[in-house]
Novice: 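Provided herewith is a single structure, encoded as structure tokens, for subsequent inquiry.
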There are 2 protein chains.
Amino acid sequence: MEKKVPTIKEIAKKLNISVSTVSRALHDHPSIGLRTKMQVQKLAAEMHYEPNQTAIRFKQGKTFTLGLILPNLREEYFSSVISGIEDIAFKNNYNVLIGQSHDSLSREQKIVETMRKHRVDGVLVSISKETTGIDHFKQLDKYNIPVVYFDRVPDVPGIHSVWCSLYNSTIEAVEFLFSNGRRSVGFIQGPLSLNIKNERLGGYLEAHRKNNIAVNEALIVTTDLSKAATEESAEKLLSLMERPSAILAFNDQVALDTIQLAKKKNLKIGKDLCVVSYANWPITSYLDSPPLASVEQFPYEQGSRAAELLFKLLDAGTSAEAIPFENIVLESKLVVH
Amino acid sequence: MEKKVPTIKEIAKKLNISVSTVSRALHDHPSIGLRTKMQVQKLAAEMHYEPNQTAIRFKQGKTFTLGLILPNLREEYFSSVISGIEDIAFKNNYNVLIGQSHDSLSREQKIVETMRKHRVDGVLVSISKETTGIDHFKQLDKYNIPVVYFDRVPDVPGIHSVWCSLYNSTIEAVEFLFSNGRRSVGFIQGPLSLNIKNERLGGYLEAHRKNNIAVNEALIVTTDLSKAATEESAEKLLSLMERPSAILAFNDQVALDTIQLAKKKNLKIGKDLCVVSYANWPITSYLDSPPLASVEQFPYEQGSRAAELLFKLLDAGTSAEAIPFENIVLESKLVVH
DNA sequence: AGAAAACAATCAAACGGTTGCATGATTTGT
DNA sequence: ACAAATCATGCAACCGTTTGATTGTTTTCT
């Protein structure tokens, strides 16, 4: 009844040779004779031998596993990131262990701990919206586990990162609105921790400067991404005496909540109010009044680039020197619907 | 420079005792004296000792990892399932290794292989739409890896499964349409492999029987879930001489594609045509013309129940007898918007 | 006081594979 | 024909932890 999986030992016994010979034969080691090599490989195939990964991981002191920490899997954005990462990981014969922080710092801390205990070989992180420092990632250094931050990157020096610059696209987005005759553009910011290098705001301001349009501070509001907070901020904008004729929203979720509210107030989207945002959700194509345009951030590519960088670090780690901190910046792109 | 993680051996050396004593002391083994136990635990804490999971996994012949195979992470439905599974896994100190089949049989087969090689302790599967048999899961038997199917369950005997019955909800959904005066209800079926026990169709027919309404075969069409196929089928329905006044769609994605097409044909949703479907996507609340109702299938609960069942199998596996095949059926619920 | 019982700690094997070093056999060079 | 070089294989340690069997010491019982 009890099924037994064949081991290298049994192969050795059946052929009356030593385990080391079998091991080397299976690895095509040059010092093994052709005859034995063939014999071993033939028998191994017949017995359906498969190396015990658990043993190898143990012996090599590596888990061949990457840890991936991200806010959630629900957002299409992150599931695309995963595909990018998995493809690279798969090529390197690595597994990916996923942990969702659900945008909570304490959960993120727990996950880091789990990853450390699991002895993953490296970690990829997109930080939670509550995360401001990276102290809880420091513990990984002691275990020589390299970390690559992506997408939501903490604003501190001395890290490896991959992210997507929003500056140029934001300028483009705002100018797109200007050129459509909408010179009063509201801006709903996200949580401070997620404003990578403040690029959204920077682009927003620069677009105004370039076009000689004065910035109205009252048009800049903030949300923590919860529906309630977004509605409150949108309400602020929409009830201004000089109501903006367009809104730049932190992302498509914020855009949807804003549009929903605007409709309740009987504003015609596309006429009374135009909305542009970030993320470029596919689902928006099903909406009657979607954002007019959205900034695509190429999650798949961010994921794969981040994974590539991590593997580079892993390779270097085995050999010699510390790699200088690398920060890869991709360009985003405004997609007009 | 090279950081070293402390091991049980070093603790033993520092205290001049044997490794076995240390091991047992850390596990609170009764045959270790209180004094030594305290000493060991104190020193272990000071040195920040942490057991090497890799070694333990190897020694115990267990990976403390569950394999989870599902079509994709993009669908909100499946990300909820994951949460349900992760919560249970976490309670049992297990990790979850995720593989996406992307609804392709060949990918699914590869993933099963990966999981086997990785020697996961158990597997949870929601099959791809191309999957009809379960031959490729048979290899797991040889490794004593139990499998629990959930949600998309293959229609074969001799398996453990957790799924959500749609029969009653379908009857309710169709009757809901009838009671709204819509007696001509089209039905867009999904891929045959996903029609668990044909419950949607069964419910559809039963609702007609109960209400003495004749079934019009022309009103029953099929899609493979691709947008093109859905549109083709929807087109078939909407261009009938006797156009149905309502449609029961396989899921919310199909519903959205159908609604989009209907709008293009200038039909008023909610007036000329009512749509009900399955899945209950949260995003539909942002639509101007969402499905009128949707059947909620409780993904979180399905995930957690499936994981619980798997752990039950794992526990039993270590001890004695084979567990009789268990099939847990949950009830779905019609949610009217 | 002497045997039995309870306690505390150690020894050593085992898990499955990898790898540096040693050994024996065969071939090559002169 | 004999030393040297080359080739093929085996030995044994090792990775970190767990655990059954064993030894040695102390307490308890009669």
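In the text below, chain A, chain B and the rest are named by the order of the sequence lines, each starting its count at 1.
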Novice: I need the CD1-C1' distance between A:Ile17 and C:dA25, as an integer number of Å.
Specialist: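 About 17 Å, once rounded to whole Å.
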
Novice: Consider the side chain of B:His27, meaning its heavy atoms from C-beta on, and name the nucleotide among C:dG16, D:dT18, D:dA12 that approaches it most closely.
Specialist: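 Looking only at side-chain atoms, B:His27 lies closest to D:dT18.
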
Novice: What is the distance, to the nearest angstrom, from the CZ atom on B:Arg57 to the C1' atom on D:dG16?
Specialist: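 Taking CZ of B:Arg57 and C1' of D:dG16, I get 13 Å after rounding.
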
Novice: A:His29 has an atom NE2; how far is it from atom C1' of D:dC7, in whole Å?
Specialist: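 About 12 Å, once rounded to whole Å.
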
Novice: Using whole Å, what does the distance between atom C1' of nucleotide C:dA8 and atom CG of B:Leu15 come to?
Specialist: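 Atom-to-atom, B:Leu15 to C:dA8, this comes out as 15 Å.
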
Novice: B:Gly61 near the nucleic acid: base, sugar-phosphate alone, or nothing, with a heavy-atom cut-off under 4.0 Å?
Specialist: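 It contacts nothing in the nucleic acid.
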
Novice: If you find the nucleotide of DNA chain D closest to B:Glu50 and the one closest to A:Thr36, which residue's nucleotide is nearer the 5' end?
Specialist: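 Nearest nucleotide further toward 5': that of A:Thr36.
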
Novice: What's the closest nucleotide to the B:Ser31 side chain, out of C:dA9, D:dG10, C:dG16?
Specialist: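 Nearest nucleotide to the side chain: C:dA9.
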
Novice: Using the six-membered base ring of D:dT17, report whether B:Phe58 stacks on it, requiring centroids under 5.5 Å and planes under 30° apart.
Specialist: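 Ring-base stacking flag not set for B:Phe58 and D:dT17.
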
Novice: Kindly say whether A:Glu326 contributes a backbone atom to a donor-acceptor pair with the side chain of A:His160 at under 3.5 angstrom?
Specialist: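 The answer is yes, because a donor-acceptor pair under 3.5 Å joins these two groups.
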
Novice: Any donor-acceptor pair under 3.5 Å joining the side chain of B:Ser20 to the base of C:dC11?
Specialist: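 Such a pair exists between side chain and base.
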
Novice: Regarding B:Ser23 and B:Ser20, is there a side-chain donor-to-acceptor distance under 3.5 Å anywhere?
Specialist: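 Short answer, no.
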
Novice: Quick check for you: among C:dT10, C:dC21, D:dT17, whose closest atom lies nearest to any side-chain atom of A:Arg24?
Specialist: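 Of C:dT10, C:dC21, D:dT17, C:dC21 is nearest to the side chain of A:Arg24.
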
Novice: Is there a donor-acceptor pair closer than 3.5 Å between any side-chain N or O of A:Asp103 and the backbone N or O of A:Lys129?
Specialist: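 It does hold such a pair.
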
Novice: In this structure, how many angstroms lie between the P atom of D:dG20 and the NZ atom of B:Lys59, rounded?
Specialist: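 To the nearest whole Å, that distance equals 9 Å.
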
Novice: What does B:Thr54 touch in the nucleic acid at a heavy-atom separation under 4.0 angstrom: a base, only the sugar-phosphate, or nothing?
Specialist: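 B:Thr54: no heavy atom of the nucleic acid under 4.0 Å.
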
Novice: In terms of the nearest nucleotide of DNA chain C, which residue is placed more toward the 5' end: A:Ala55 or B:Ser18?
Specialist: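 Counting from the 5' end, the first nearest nucleotide belongs to B:Ser18.
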
Novice: Taking NZ in A:Lys37 as the centre, count heavy atoms belonging to other residues, nucleotides or ligands within less than 6.0 Å. Is the count above 12?
Specialist: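 Yes.
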
Novice: Starting the side chain at C-beta, find the nucleotide from D:dG10, C:dT18, D:dT18 nearest to B:Ser23.
Specialist: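 Of D:dG10, C:dT18, D:dT18, D:dT18 is nearest to the side chain of B:Ser23.
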
Novice: Provide, to the nearest angstrom, the distance between the CG atom belonging to A:Asn52 and the C1' atom belonging to C:dC15.
Specialist: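 Interatomic distance, CG of A:Asn52 to C1' of C:dC15: 9 Å.
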
Novice: From the set D:dT17, C:dC11, C:dC15, return the single nucleotide nearest to any side-chain atom of A:Lys9.
Specialist: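 For the A:Lys9 side chain, the nearest candidate turns out to be C:dC15.
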
Novice: Only one of B:Phe311, B:Tyr94, B:Phe90 forms a ring pair (Phe, Tyr, Trp, His ring centres under 6.0 Å) with B:Phe64, so which one is it?
Specialist: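 Passing option: B:Tyr94.
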
Novice: If you only use heavy atoms from C-beta on, which nucleotide in D:dT18, C:dG17, D:dA8 is closest to the side chain of B:Ile56?
Specialist: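 It is D:dT18.
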
Novice: Near B:Met47 CE, under 6.0 Å, is it more than 12 heavy atoms from other residues, nucleotides or ligands?
Specialist: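 Yes - once you tally the heavy atoms of other residues, nucleotides and ligands closer than 6.0 Å, there are more than 12.
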
Novice: For a quick test of reading the model: is some side-chain N or O of A:Thr21 closer than 4.0 Å to OP1 or OP2 of D:dT9?
Specialist: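 For D:dT9, OP1/OP2 do not have a side-chain N/O of A:Thr21 under 4.0 Å.
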
Novice: In whole Å, I'd like the distance from the NZ atom of A:Lys37 to the C1' atom of D:dT9.
Specialist: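 To the nearest whole Å, that distance equals 13 Å.
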
Novice: Which of these nucleotides, D:dC11, C:dA9, D:dT18, is closest to any side-chain atom of B:Ile32?
Specialist: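 Nucleotide nearest to B:Ile32's side chain: C:dA9.
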
Novice: Distance check needed: C:dA14 C1' versus A:Ile8 CD1, whole Å only.
Specialist: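 Checked: the CD1 to C1' distance equals 17 Å.
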
Novice: Where each residue is assigned the nucleotide of DNA chain C containing its nearest heavy atom, which of B:Arg119 and B:Arg35 is assigned the position nearer the 5′ end?
Specialist: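 Nearest nucleotide further toward 5': that of B:Arg35.
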
Novice: Under 4.0 Å, counting only non-hydrogen atoms across every strand here, what does B:Thr7 touch: a base, just sugar-phosphate, or nothing?
Specialist: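 Result for B:Thr7 = sugar-phosphate.
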
